[in-house]
Protein chains: 2
Amino acid sequence: MTKAEAREDAPIRTRDRDGTARAIVIAAREVLAEDGFQSFGVNAIARRAGCDKQLIYRYFGGLEGIADAIGELLGKEIKDALDHLPTAEAPPPASYAELMERQVLGLLELLRRSPLMRQINAWEVAAPSPLVSRLVVARSRQLLSWSKELRGTLPPPPGMDVSATNVVLFAAVQQLVLSAAAVGDYGAVPLRTEDDWDRMKKTLIRIVATLYREA
Amino acid sequence: MTKAEAREDAPIRTRDRDGTARAIVIAAREVLAEDGFQSFGVNAIARRAGCDKQLIYRYFGGLEGIADAIGELLGKEIKDALDHLPTAEAPPPASYAELMERQVLGLLELLRRSPLMRQINAWEVAAPSPLVSRLVVARSRQLLSWSKELRGTLPPPPGMDVSATNVVLFAAVQQLVLSAAAVGDYGAVPLRTEDDWDRMKKTLIRIVATLYREA
DNA sequence: AAGAAATATCACCGGCCGGTGACTTTTCGC
DNA sequence: GCGAAAAGTCACCGGCCGGTGATATTTCTT
């Protein structure tokens, strides 16, 4: 009655297609999250899933199918992470500045917690391919819906290019988290300990407050 | 009497070590800049340089040596690009805000113009390795000296975490240029045409002015 | 001109990759 | 129980990779 036990210590695996298919997707997710997109291939995935790579072709038609499956899994992962944010159950933001503060800090925490998302982002800019774009669309859709939901009917502040400004902040957060995960800092600013991140968050909060403050 | 003609249409190559060594470095630079770090290997470089890969080991001791050689070449490239910036011969910045505006826009143009630097940055966050760190140190040194030289003796504005704020802006620029080169936009904001970039520059200028304005 | 040294090329190795055809073992419908 | 279909395994292919030893060819020294 063991379910989809396919890895680690228990190599017993009953012969059910759905179970191994799920095991393959999980293994693929782990390979991508832990070893990076360079290792994202049929051999590595099958090895990790403890099955023959032939099954990958049979059940998913190749890496593309697996990428799509991970995409669905990613949607839930993002939703989950966002629901566990400290501000998840807080009242809706009262001002656009507060909205942006939540979005910026939310994205920061999400990326810090999810190596999978970091790898997808890194993959996207380092080696764009039709394969990764399947993952990107899943990510973008989820983030966009979160953003829309959080914004509600808040009017954007006038007199500025809001989209461009927002994008600058998001890009900064993304780059900072990627650099931190890869090398532990950005430039001369360390980004390792929780204190390092608190410092960075303080600065981000200040920046957001300054940029979007009401006239 | 032909010099270091090693590629393209003229396959004649006289037997001089320095010439072919130079040709190898140039080929390596091109491989990295055009095909990305995934293709940065002895086979691809030798193929492009039109010589045997054995010479790479003989003259450079392997990829590490080539990376170091590219590092030197990179220093000149950065210096060159910065000297051709529109503000290169302008008087020194009069305020910290102006200093940061120049640095932010300068970094943006530098990255936009240099696929090599973009590849190094992407490599750094996507697949950190001792190999790429050799290039990173060369880049960092050059950028740091430029930054110091430009700053002069300008006092930073009080009451804020200047380093953290600067780093946010630089990270944003880097991420925006990388995304633009890879997929042509960031999120929903297109970054393809010169008009797209002008819009982004305007926003960056506004952000810098707002963040560093004097009390 | 002869030999030494430098320059360059070639052939080969093991390893990993993506991909596929043929095979064995289990399960299921009857 | 039996046979077919499903689930899973194995062996193999060609290709590219990094790396190395042996060899050929040119140039330099004397």
Side-chain angles (χ1 to χ4, degrees), chain A residues 1-7 10-28 31-32 35-69 123 127 129-132 134, chain B residues 1-7 10-28 31-32 35-69 123 127 129-132 134:
Chain A
M1 209 49 63
T2 57
K3 306 195 58 176
E5 263 302 342
R7 291 209 335 94
I12 352 109
R13 194 184 323 105
T14 67
R15 288 198 162 215
D16 67 318
R17 172 171 177 148
D18 288 22
T20 54
R22 227 177 308 132
I24 289 176
V25 176
I26 292 177
V31 168
L32 180 54
D35 303 336
F37 64 92
Q38 309 245 39
S39 307
F40 192 73
V42 279
N43 287 308
I45 294 173
R47 215 177 300 134
R48 183 144 199 161
C51 70
D52 197 277
K53 58 180 169 181
Q54 176 79 16
L55 299 183
I56 293 179
Y57 293 104
R58 274 224 256 285
Y59 297 160
F60 299 92
L63 281 181
E64 292 86 2
I66 293 210
D68 293 336
W123 192 357
S129 73
L131 198 54
V132 69
R134 291 165 183 263
Chain B
M1 210 53 63
T2 56
K3 306 195 58 177
E5 263 302 340
R7 290 208 336 95
I12 353 111
R13 196 185 319 104
T14 68
R15 288 197 160 215
D16 67 319
R17 172 171 177 151
D18 289 20
T20 54
R22 226 176 308 133
I24 289 176
V25 176
I26 293 177
V31 168
L32 181 53
D35 303 335
F37 63 92
Q38 309 244 39
S39 308
F40 192 73
V42 280
N43 286 308
I45 294 173
R47 216 177 300 134
R48 182 146 201 162
C51 70
D52 196 277
K53 59 180 169 181
Q54 175 79 15
L55 300 182
I56 293 179
Y57 293 104
R58 273 224 253 287
Y59 296 160
F60 298 92
L63 281 182
E64 292 86 1
I66 293 212
D68 292 337
W123 192 359
S129 74
L131 197 53
V132 70
R134 291 165 182 262

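These figures come from a predicted structure and were not determined experimentally. In what follows, chains are A, B, ... by sequence order, proteins preceding strands, each numbered from 1.
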Legend entry - Contacts of A:Asn43 that satisfy side-chain hydrogen bond (donor to acceptor under 3.5 Å, both in side chains) - sequence neighbours left out: A:Lys53
Inset, instruction - Give the minimum heavy-atom separation between A:Ala46 and A:Ile56, together with the two atoms involved. - result: N-CD1, 3.9 Å
Inset, instruction - Specify the separation, in whole Å, of atom CD1 of B:Ile45 and atom C1' of D:dG19. - result: 14 Å
Inset, instruction - Check whether any side-chain nitrogen or oxygen of B:Thr20 sits under 4.0 Å from OP1 or OP2 of C:dA8, and answer yes or no. - result: yes
Inset, instruction - Please name the pair of heavy atoms, one in B:Ala49 and one in B:Ala23, separated by the smallest distance, quoted to 0.1 Å. - result: CB-O, 4.1 Å
Inset, instruction - To the nearest Å, give me how far apart CZ (B:Arg17) and P (C:dT7) are. - result: 6 Å
Inset, instruction - Identify the two heavy atoms, one from B:Leu32 and one from B:Phe40, that lie closest to each other, and give their separation to 0.1 Å. - result: CB-CD1, 3.8 Å
Inset, instruction - Let me know the distance between CG of A:Asp18 and P of D:dG8, rounded to the nearest Å. - result: 10 Å
Legend entry - Contact list for DNA chain C against residues 55-63 of chain B - heavy-atom distance below 4.0 Å: B:Leu55, B:Arg58, B:Tyr59
Please set out all donor-acceptor pairs under 3.5 angstrom arising from side-chain atoms of residues 58-67 of chain B, sequence neighbours excluded.
none

Inset, instruction - Using the six-membered ring wherever Trp is involved, compare the ring planes of A:Phe37 and A:Trp123 and label them parallel, tilted or perpendicular (cut-offs 30° and 60°). - result: parallel
Legend entry - Heavy-atom closest contact (A:Val31 atom, A:Ser39 atom, distance): CG1-O, 3.5 Å
Legend entry - Contacts of A:Asp35 that satisfy salt bridge (Lys or Arg N to Asp or Glu O under 4.0 Å) - sequence neighbours left out: A:Arg48
Taking only N/O atoms, report every protein-nucleotides 25-28 of chain C pair under 3.5 Å with atom names and distance.
from	atom 1	to	atom 2	distance (Å)
C:dT25	O2	A:Arg15	NH1	3.1
C:dT25	O2	A:Arg15	NH2	3.4

Legend entry - D:dG18 phosphate, OP1 or OP2, under 4.0 Å from B:Asn43 side-chain N/O: yes
Inset, instruction - Calculate, to the nearest 0.5 Å, the distance between atoms OG1 and CD1 belonging to B:Thr20 and B:Ile26 respectively. - result: 11.0 Å
Please write out the pairs of protein N or O atoms and N or O atoms of nucleotides 11-13 of chain D separated by less than 3.5 Å, giving the distance to one decimal.
none

Legend entry - Whole-Å distance separating the CZ atom of B:Arg22 from the P atom of C:dT7: 13 Å
Legend entry - Nucleotide C:dC17, atom P - distance to CD of B:Gln38 in whole Å: 14 Å
